[in-house]
Colleague: 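Handing you this structure, nothing more for now.
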Amino acid sequence: MPVKGIDRVKANYRRVTREIATKTTDRTVAAILSQGGAMAATMTPIDTSNLINSHFVEIKVERNKIIGRTGYTASYAFAVHEAPGTLKGQPRPDGRGDYWDPNASPRFLSEGFDQIKSSIPAILKAHYRA
């Protein structure tokens, strides 16, 4: 006796796997980048707001992989990210407040993602649950 509906099952299987591989994964990567970027924003040093306003998120497909990137486009972003923060809390010579903010942290982008690392499994479960 032949099995009925096998073509429909195969078609649905292909549709679901295609959706998981594209839309679901795209949204999942965006959610992780959003959470990490938001946490990093709380630790980003702010002087003129140029650095924090230069934050970007990029999600693209390359060779059947969804790749997400986030960072800052300000020309000095890397230098600030890698700064040791030894001047944190000390007054600026021009009188414009203190170096770094009270919440700012060296390696703020890396630290932001380190802070959410334990939340990533929950984000994955929420997006990929059946």
Side-chain angles (χ1 to χ4, degrees):
M1 177 183 232
V3 177
K4 292 185 179 188
I6 196 75
D7 290 334
R8 188 178 63 216
V9 169
K10 286 179 182 179
N12 283 338
Y13 175 78
R14 283 190 296 272
R15 180 186 54 78
V16 168
T17 55
R18 196 169 35 252
E19 187 173 305
I20 288 170
T22 56
K23 291 179 192 172
T24 304
T25 300
D26 189 44
R27 281 182 276 200
T28 305
V29 169
I32 292 169
L33 292 175
S34 175
Q35 294 266 332
M39 185 58 72
T42 66
M43 295 182 254
T44 303
I46 299 173
D47 179 22
T48 63
S49 297
N50 184 54
L51 178 60
I52 193 119
N53 288 334
S54 74
H55 180 253
F56 74 91
V57 172
E58 175 185 84
I59 300 172
K60 62 184 178 179
V61 178
E62 273 185 20
R63 296 187 205 128
N64 297 328
K65 295 179 185 176
I66 295 181
I67 298 171
R69 272 182 356 128
T70 187
Y72 298 87
T73 60
S75 60
Y76 55 90
F78 181 75
V80 174
H81 186 265
E82 297 300 313
T86 53
L87 296 176
K88 184 175 180 169
Q90 295 181 21
R92 293 176 184 265
D94 62 6
R96 290 185 312 141
D98 296 337
Y99 284 104
W100 294 64
D101 309 292
N103 298 327
S105 174
R107 303 191 53 78
F108 47 90
L109 187 57
S110 302
E111 286 291 319
F113 280 89
D114 286 346
Q115 293 286 326
I116 69 146
K117 196 178 283 185
S118 63
S119 302
I120 291 176
I123 294 170
L124 293 171
K125 282 181 187 174
H127 284 85
Y128 287 110
R129 67 176 173 230

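Small disclaimer: the values here were computed from a predicted structure and weren't measured. Worth knowing before you read on, the calculation uses all heavy atoms, side chains too, and leaves out hydrogens, waters and symmetry mates.
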Colleague: So, for P106 and A83, which heavy atoms are closest and what is the spacing to 0.1 Å?
Modeller: CB-O, 3.2 Å
Colleague: Decide whether F56 and V29 are clustered together by the hydrophobic rule: side chain heavy atoms of Ile, Leu, Val, Met, Phe, Trp, Tyr closer than 4.5 Å, transitively.
Modeller: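 Shared cluster, no.
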Colleague: Can you list every pair that meets salt bridge (Lys or Arg N to Asp or Glu O under 4.0 Å) and has a residue in residues 8-17, with sequence neighbours left out?
Modeller: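 Not a single pair qualifies under salt bridge (Lys or Arg N to Asp or Glu O under 4.0 Å).
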Colleague: If you measure from OH on Y128 to OG1 on T24, what distance do you get to the nearest 0.5 Å?
Modeller: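 Reported to 0.5 Å precision, the distance equals 6.5 Å.
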Colleague: Say whether, by atom type as modelled, one donor and one acceptor occur between the side chain of T28 and the main chain of L124 under 3.5 angstrom.
Modeller: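 Between the backbone of L124 and the side chain of T28 there is no qualifying donor-acceptor contact (under 3.5 Å).
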Colleague: Could you list all the salt bridge (Lys or Arg N to Asp or Glu O under 4.0 Å) pairs where at least one residue sits in residues 25-43, not counting sequence neighbours?
Modeller: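 Sorted pair list comes back empty.
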Colleague: Please report, to 0.1 Å, the donor-acceptor pairs under 3.5 Å made by any side chain of residues 60-67, with sequence neighbours excluded.
Modeller:
residue: K60; atom: NZ; partner: E62; partner atom: OE2; Å: 3.1

Colleague: Ignoring hydrogens, what is the shortest heavy-atom contact between K117 and P121? Give both atom names and the distance.
Modeller: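 Minimum heavy-atom separation between K117 and P121: O-CD, 3.6 Å.
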Colleague: Quick check: closest heavy atoms across S54 and A74, and the distance to 0.1 Å?
Modeller: OG-N, 3.1 Å
Colleague: Which value, rounded to the nearest 0.5 Å, describes the distance between E111 atom CD and L109 atom CG?
Modeller: 10.0 Å
Colleague: Provide the full list of side-chain hydrogen bond (donor to acceptor under 3.5 Å, both in side chains) pairs with a residue in residues 85-94, sequence neighbours left out, each pair given once.
Modeller: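 Checked against side-chain hydrogen bond (donor to acceptor under 3.5 Å, both in side chains) - neighbours excluded - the pairs reaching residues 85-94 are D94-R96.
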Colleague: Not counting sequence neighbours, which residues clear side-chain hydrogen bond (donor to acceptor under 3.5 Å, both in side chains) with S105? List them please.
Modeller: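 Listed in chain order: nothing, the list is empty.
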Colleague: Please report the interatomic distance CZ(F108) to CG(L51), rounded to the nearest 0.5 Å.
Modeller: 4.5 Å
Colleague: State whether the number of non-hydrogen atoms from other residues, nucleotides or ligands found under 6.0 Å of F78 atom CZ is greater than 12.
Modeller: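 Open.
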Colleague: Identify whether I46 and W100 are in the same connected component of the hydrophobic contact network (ILVMFWY, side-chain heavy atoms under 4.5 Å).
Modeller: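 Each belongs to a different hydrophobic cluster.
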Colleague: Let me check something: any side-chain donor-acceptor pairs from residues 31-44 under 3.5 Å, sequence neighbours excluded? List them with distances.
Modeller:
residue: T42; atom: OG1; partner: M39; partner atom: O; Å: 2.6
residue: T44; atom: OG1; partner: A40; partner atom: O; Å: 2.7
residue: T44; atom: OG1; partner: Y72; partner atom: OH; Å: 3.0

Colleague: Under a single-linkage definition using a 4.5 Å side-chain heavy-atom cutoff for Ile, Leu, Val, Met, Phe, Trp and Tyr, are I52 and V80 assigned to the same hydrophobic cluster?
Modeller: no
